[in-house]
**Student:** 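Let me give you the structure first, and then I'll get to my questions.
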Amino acid sequence: MLDIERELRLLAEYQIDCVIIGGIAARAHGSSHETQDLDVCYARHHENLEKLAAALESVHATLRGAPKGLPFLLDAETLHRGLNFTFDTSIGALDLLGEIRGVGGFHECLEDCLSIEMFGHVFKVMALEKLIISKRTAGRTKDLMMLPELEAILEYERLKETAAGEKSPNDESES
Amino acid sequence: MDKVEYTEAERWLIEPKPGTAAARARDFGVDLSLTVSNLRLTPAERVRQLDEFQAVMKELRRAVITAKQNARHRA
């Protein structure tokens, strides 16, 4: 079962360049949905792939859903040749995505992202607007089911911003 | 029990106006009072809360498996 703290610590300790996406990102933005895995969009440069391979090796990662005995060499070259991977590890499910449909790769996911400090490290979380686009584009039932709440949260955040923008200049002039 | 007090912005979610995204979420079946509770936390607190929930669920699953095994032994 997913151990979020240990998975996030693993990514931080190996200094992986990545952005948290999916269910954990939805949760960070305020969604009440539960999730069973940690999804990240990772940078595809060679150094990052080396670090990723080492991190995955340390938690005995195996391809999720692959037939037993399927040869799979977990190294930077294999990660380079593929793009999206779903792993089972000793600390839970971990999905690595090189590209997010409707959004793009690591650099696009990084734009406007949220930085949050947890477990002594800073993590990047995909922006709510992009998360909504990614869920809508993915189009699976489980993604579409998250959309109404995420859109309500986005509406709420925009309303708060508008209210704060309208309030603050008057507040300052009156005080 | 004390009644929960909502801010003006939170009431936008709790008592949504027709045609808003919040109204669509409510009609879809989303419990927006849970969403408001989450929004009162920081993003890091929200993820930590999920992590704690996962730990409880893990324990619950262990307990269910043990209970089923014990029941089988008794039968």
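Treat the numbers as computed from the prediction; the structure is a model and nothing was measured.
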**Student:** What part of B:T20 gets closer than 4.5 Å to chain A, counting heavy atoms only: side chain, backbone, both or neither?
**Tutor:**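 For B:T20, backbone and side chain are both near chain A.
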**Student:** At a heavy-atom separation under 4.5 Å, does A:F119 approach chain B through its side chain, its backbone, both, or neither?
**Tutor:**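 Looking at A:F119, backbone and side chain both touch chain B.
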**Student:** Hey, does A:E157 have a side-chain heavy atom less than 4.5 Å from the side chain of B:L39?
**Tutor:**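 B:L39 vs A:E157: side chains touch.
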**Student:** Find the distance between CG (A:D3) and NZ (B:K58) and round it off to the nearest 0.5 Å.
**Tutor:**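 Nearest 0.5 Å value for the CG-NZ distance: 6.0 Å.
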**Student:** Before giving the answer on side-chain contact (heavy atoms from CB on, under 4.5 Å), spell out for A:M145 and B:F28 the whole-Å C-alpha distance, their side-chain angles and the decisive distance to 0.1 Å.
**Tutor:** CA-CA 9 Å; A:M145 283 178 71; B:F28 187 72; 4.1 Å; yes
**Student:** Please classify the contact between B:L13 and chain A as side chain, backbone, both or neither, with a heavy-atom cut-off of under 4.5 Å.
**Tutor:**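 Side chain only.
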**Student:** Shorter than 4.5 Å, heavy atoms on both sides: which option in A:E34, A:K160, A:E5 has the most such pairs with chain B?
**Tutor:**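 The residue among A:E34, A:K160, A:E5 with the greatest pair count is A:E34.
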**Student:** side-chain contact (heavy atoms from CB on, under 4.5 Å), that's the test. Do A:E155 and B:W12 meet it? Break it down for me.
**Tutor:** CA-CA 9 Å; A:E155 185 182 67; B:W12 181 266; 3.0 Å; yes
**Student:** What part of A:L114 gets within 4.5 angstrom of chain B, counting heavy atoms only: side chain, backbone, both, or neither?
**Tutor:**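 For A:L114, side-chain heavy atoms alone lie under 4.5 Å from chain B.
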**Student:** Any donor-acceptor pair under 3.5 Å linking the side chain of B:Q54 with the backbone of A:T35?
**Tutor:**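 Yes; judged by distance alone, with no hydrogens or angles, the pair exists.
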**Student:** Of the listed residues (B:V30, B:T7, B:D27), which shares the most heavy-atom pairs with chain A below a 4.5 Å separation?
**Tutor:**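 Between B:V30, B:T7, B:D27, the count favours B:V30.
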**Student:** Taking NE2 in A:H80 as the centre, count heavy atoms belonging to other residues, nucleotides or ligands within less than 6.0 Å. Is the count above 12?
**Tutor:**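 Counting other residues, nucleotides and ligands, NE2 of A:H80 stays at 12 neighbours or fewer.
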**Student:** Provide the closest heavy-atom pair for A:S31 versus B:N38 in the form atom of the first, atom of the second, distance.
**Tutor:**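 That closest heavy-atom pairing would be O-ND2, 3.2 Å.
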**Student:** Of the backbone (N, CA, C, O) and the side chain (C-beta and beyond), which part of A:E117 lies under 4.5 Å from a heavy atom of chain B, both, or neither?
**Tutor:**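 Answer is backbone: N, CA, C or O of A:E117 sit under 4.5 Å from chain B.
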**Student:** State the CD-OH distance between B:E10 and A:Y156, to the nearest 0.5 angstrom.
**Tutor:**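 B:E10 atom CD to A:Y156 atom OH measures 5.0 Å (nearest 0.5 Å).
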**Student:** Flag yes if more than 12 heavy atoms outside A:H121 fall under 6.0 Å of its NE2 atom; otherwise flag no.
**Tutor:**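 Atom NE2 in A:H121 is crowded, with more than 12 foreign heavy atoms closer than 6.0 Å.
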**Student:** List the atom of A:I116, the atom of B:P43, and the distance in Å for their closest heavy-atom pair.
**Tutor:**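 Closest pair (atom of A:I116, atom of B:P43, distance): CG2-CB, 3.5 Å.
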**Student:** Of all heavy-atom pairs between B:T35 and A:G30, which one has the smallest distance, and what is that distance?
**Tutor:**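 Here B:T35 and A:G30 meet closest at CG2-O, 3.8 Å.
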**Student:** Just wondering, do B:F53 and A:I4 contact through their side chains at under 4.5 Å, heavy atoms?
**Tutor:**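 In short, these two side chains do not touch, never coming nearer than 4.5 Å.
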**Student:** Report yes or no: do A:L159 and B:I14 belong to one cluster of Ile/Leu/Val/Met/Phe/Trp/Tyr joined by side chain heavy-atom distances under 4.5 Å?
**Tutor:**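 No, A:L159 and B:I14 fall in different hydrophobic clusters.
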**Student:** With hydrophobic residues grouped by side-chain heavy-atom distances under 4.5 Å, do A:L144 and A:L150 end up in a single group?
**Tutor:**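 Same cluster: A:L144 reaches A:L150 through Ile, Leu, Val, Met, Phe, Trp or Tyr contacts under 4.5 Å.
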**Student:** Check each atom of A:I24 against the heavy atoms of chain B and say whether the ones under 4.5 Å are side chain, backbone, both or neither.
**Tutor:**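 Both parts, heavy atoms under 4.5 Å.
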**Student:** So if you build clusters from Ile, Leu, Val, Met, Phe, Trp, Tyr with side-chain heavy-atom gaps below 4.5 Å, do A:L70 and A:L74 land together?
**Tutor:**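 The answer is yes; both residues are in one hydrophobic cluster.
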**Student:** For residues A:P148 and B:A25, report the shortest heavy-atom separation together with the two atoms involved.
**Tutor:**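 That closest heavy-atom pairing would be O-CB, 3.4 Å.
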**Student:** Got a second to check how far B:L41's CG is from A:R27's CZ, nearest 0.5 Å?
**Tutor:**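 The CG atom of B:L41 sits 8.5 Å away from the CZ atom of A:R27.
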**Student:** Flag yes if more than 12 heavy atoms outside A:E77 fall under 6.0 Å of its CD atom; otherwise flag no.
**Tutor:**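 Atom CD in A:E77 is packed in, count exceeds 12.
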**Student:** In Å and rounded to the nearest 0.5 Å, what is the OG to CZ distance from A:S32 to B:R46?
**Tutor:**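 Interatomic distance, A:S32 OG to B:R46 CZ, rounded to 0.5 Å: 11.5 Å.
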**Student:** Where is the tightest heavy-atom contact between A:A152 and B:A22, given as atom of each residue plus distance?
**Tutor:**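 The pair with the smallest heavy-atom distance is CB-CA, 3.8 Å.
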**Student:** Linking I/L/V/M/F/W/Y whenever any side-chain heavy atoms sit under 4.5 Å apart, do A:L83 and A:I16 land together?
**Tutor:**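 Cluster IDs for A:L83 and A:I16 differ.
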**Student:** Can B:V36 be reached from B:L34 by stepping across I, L, V, M, F, W or Y side chains whose heavy atoms are under 4.5 Å apart?
**Tutor:**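 Unlinked, B:L34 and B:V36 end up in two clusters.
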**Student:** Would you mind checking which part of B:E45 comes under 4.5 Å of any heavy atom in chain A, side chain (CB onward), backbone (N, CA, C, O), both or neither?
**Tutor:**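 No part of B:E45 comes within 4.5 Å of chain A.
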